[in-house]
Amino acid sequence: MDLQHTVDPREPAPADVPFFTQAESFSALWPQIERHLSEMFEDGKFSHGAKVAELERALAAYTGARHVIGVNSGTDALVLLLRAAGLRPGDEVVVPAFSFVASASSVVLAGGRPVFADIDPVTYALDPASVERVLTPRCRFLMPVHLFCQLADVDRLGELAGRHGLTVVEDSAEAIGMRREGVHAGLFGAGGVLSFFPTKTLGAIGDAGAVLTDDDEIARTVDALRHHGRFGRTIADFTTINTSSSLPGCNSKMDDVQASVLLAKLTRLDADIARREALADAYSRRLAGTPGILRLPTVVARGGTADPVFYVYLIEAERRDELAGHLAAHGVRTETYYPSPLHLQPCFAELGHRQGDFPAAEAACARTLALPLYPDLATDAVDRVCDLVQDFFSGAGARP
Ligand SMILES: *Cc1c(COP(=O)(O)O)cnc(C)c1O
């Protein structure tokens with residue numbers, strides 16, 4: 001269907017393509033969600049209760065992690081993981097210059113200092129060669145971030161961390177379902193995190209997150225930190241609110257409403273991941289060779305088995321902002337992950353970085369555009385988005 005050239009005024013306008021929606025998924029899942037919620041109401045604990053414990057067990061089974069600790073958000077998970085993994089005030093943590101801001105702000109919140117490194121232009125994850133260049137004697141942690149569809153180069157980064165005595169803490173907030181040789185994201189070092197922000201591959205109906213770790217001591221400390229520094233699962237039992245604390249912790253308990261929704265959604269996660277992959281393939285087939293497109297998502301083969309997961313379908317394009325405007329004018333919403341590199345954000349100004357310090361991160365910020373990708377997206381919507389992208393670059397859709 002060529003929408004640009006043969007618009008019949010009697011035809012209804014095509015429906016808008018939102019950047020993200022899950023209305024259909026939720027109506028299909030509602031009976032399951034309702035069952036979990038009614039069990040929650042019977043139990044009567046709405047924070048850090050039985051549904052949270054059930055979700056933690058289900059996620060441990062899904063990821064293979066020895067411990068999954070449910071918290072309030074992916075950001076809190078990072079802060080608590082860094083603290084539990086032994087970050088001391090002033091310790092430095094190597095973080096990619098291209099990521100969501102929480103990768104680096106969590107380091108500051110935990111009392112450390114981010115040290116930025118550049119990214120690999122294909123995977124958008126930490127470039128080991130750049131890490132070697134930025135290391136200082138105060139670096140004690142390395143934080144690979146797994147973005148968009150694949151893991152960072154965990155083999156090389158793990159080897160590098162071992163050589164320099166760095167503890168690996170993964171920002172695997174986007175990486176549910178991503179595995180290498182059967183090992184799930186977050187389990188290549190001391191631990192990792194998951195975010196259940198609504199748009200994530202496994203999304204709640206509000207904020208929630210989790211820490212994943214195989215380390216018993218880290219798990220015990222995160223468990224205490226999320227609940228005012230109290231060891232043991234004293235939880236939502238109102239008679240234990242005033243028991244004594246061993247650590248200065250915080251309130252980062254997970255809500256059982258979120259756990260109920262996530263338990264229902266987890267039963268469909270593998271089907272959702274397969275649907276995302278099919279849609280990503282459809283985009284890639286249609287967009288391959290389109291002039292003006294500088295890069296399509298490329299899953300890097302590293303030998304051995306790897307499970308990529310398409311959380312975001314990210315292209316790099318010439319005139320990225322104009323392209324986004326053209327799509328928006330035709331009802332297609334896109335997002336920019338991430339418009340500004342971390343080393344140039346005002347909150348990290350004291351680190352003294354300048355434009356040009358991390359060229360691959362800066363180029364990614366200038367060129368990347370995320371197209372709609374979610375299980376409810378119809379395959380003909382992908383065709384429509386691709387028609388609009390191709391019209392834009394062929395000149396047919398240029399400037400109204
Ligand atoms: C979503 C995300 C986070 C933060 O998770 P929240 O649950 O929103 O706090 C951190 N890092 C990355 C890479 C993310 O995508």
Side-chain angles (χ1 to χ4, degrees), residues 20-77 79-81 173 176-177 184 186 193-213 219-220 222-243 245 249-273 374-376:
F20 182 77
T21 172
Q22 48 188 342
E24 276 175 44
S25 293
F26 270 114
S27 55
L29 284 167
W30 185 241
Q32 280 197 66
I33 295 173
E34 212 174 11
R35 181 173 61 77
H36 287 295
L37 288 176
S38 71
E39 287 171 11
M40 179 195 79
F41 282 119
E42 267 167 49
D43 185 50
K45 291 179 185 154
F46 305 149
S47 168
H48 202 31
K51 285 294 158 190
V52 173
E54 189 179 339
L55 176 69
E56 290 171 338
R57 287 192 298 274
L59 285 170
Y62 184 82
T63 59
R66 205 169 140 82
H67 304 281
V68 174
I69 305 110
V71 296
N72 233 313
S73 67
T75 304
D76 274 10
V79 176
L80 302 189
L81 173 62
I176 195 159
H184 194 277
V193 304
L194 295 174
S195 166
F196 307 118
F197 182 73
T199 63
K200 298 279 154 103
T201 306
L202 179 66
I205 53 171
D207 283 294
V211 170
L212 307 180
T213 183
R220 212 170 89 85
V222 171
D223 177 44
L225 288 173
R226 70 174 163 177
H227 188 220
H228 307 288
R230 288 168 203 167
F231 285 96
R233 201 179 169 86
T234 46
I235 35 175
D237 173 353
F238 301 110
T239 59
T240 58
I241 277 176
N242 296 314
T243 54
S245 300
C250 61
N251 174 7
S252 188
K253 302 191 292 296
M254 188 192 276
D255 288 347
D256 288 74
V257 170
Q258 302 309 338
S260 295
V261 170
L262 291 167
L263 276 164
K265 278 191 132 186
L266 190 56
T267 62
R268 265 188 42 166
L269 180 59
D270 285 332
D272 284 351
I273 287 173
Y374 40 90
D376 286 7

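Throughout, numbering of the chain's residues begins at 1 and tracks the sequence. Every value quoted in this text rests on a predicted model; they were computed, and no experiment measured them.
Shortest non-hydrogen contact noted between Met254 and Gly209 is CE-O, 3.3 Å. Contact record, Ala77 with Val211: O-CG2, 3.5 Å, taken as the closest heavy-atom pair. Looking at every heavy atom in both residues, Ile273 comes nearest to Gly177 through CD1-CA, 4.2 Å. When all heavy atoms are compared, the tightest approach of Tyr374 to Thr21 is CD1-O, 3.4 Å. Counting all heavy atoms, side chain and backbone alike, Ala259 lies closest to Leu55 at CA-CD2, 4.0 Å. When all heavy atoms are compared, the tightest approach of Pro198 to Gly206 is CD-O, 3.3 Å.
Using a 4.0 Å cut-off between charged nitrogen and carboxylate oxygen, Glu56 and Arg226 count as a salt-bridge pair. In summary, Lys51 and Glu54 engage in a salt bridge, as defined by a charged side-chain N under 4.0 Å from a carboxylate O.
Considering only heavy atoms from C-beta on, Ile176 comes within 4.5 Å of His184 through its side chain. Looking at heavy atoms from C-beta onward, Thr201 lies in side-chain contact with Leu269 at the 4.5 angstrom threshold. Contact of the Gln32 side chain with the Arg268 side chain is not registered, since no non-hydrogen atoms from C-beta on lie closer than 4.5 Å. Between Phe196 and Val261, every side-chain heavy-atom pair lies at or beyond the 4.5 Å cut-off. Within the 4.5 Å cutoff, side-chain heavy atoms of His228 are placed close to those of Asn251. When side chains are defined from C-beta on, Val193 counts as touching Leu81, because their heavy atoms get closer than 4.5 Å.
For the pair Lys265 (side chain) and Gly203 (backbone), a donor-acceptor distance under 3.5 Å is present.
To the nearest 0.5 Å, the span separating OH on Tyr62 from CG on Leu212 amounts to 12.0 Å. Interatomic distance, Leu263 CG to Leu29 CG, rounded to the nearest 0.5 Å: 11.5 Å. Distance check: Leu262 CG to Ile33 CD1 gives 9.0 Å after rounding to the nearest 0.5 Å. Distance CZ/Phe41 to CG/Asp256: 10.5 Å, rounded to 0.5 Å.
Partners of Glu34 according to the salt bridge (Lys or Arg N to Asp or Glu O under 4.0 Å) rule, which considers only residues two or more places apart in sequence or in another chain, do not exist here.
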Show me the donor-acceptor pairs within less than 3.5 Å that the side chains of residues 67-76 make with the rest of the protein, sequence neighbours left out.
unit_1, atom_1, unit_2, atom_2, d
His67, NE2, Asp216, OD1, 2.8
Asn72, ND2, Lys253, O, 3.4
Ser73, OG, Thr75, N, 3.3
Ser73, OG, Asp76, N, 3.0
Asp76, OD2, Ser252, OG, 2.7

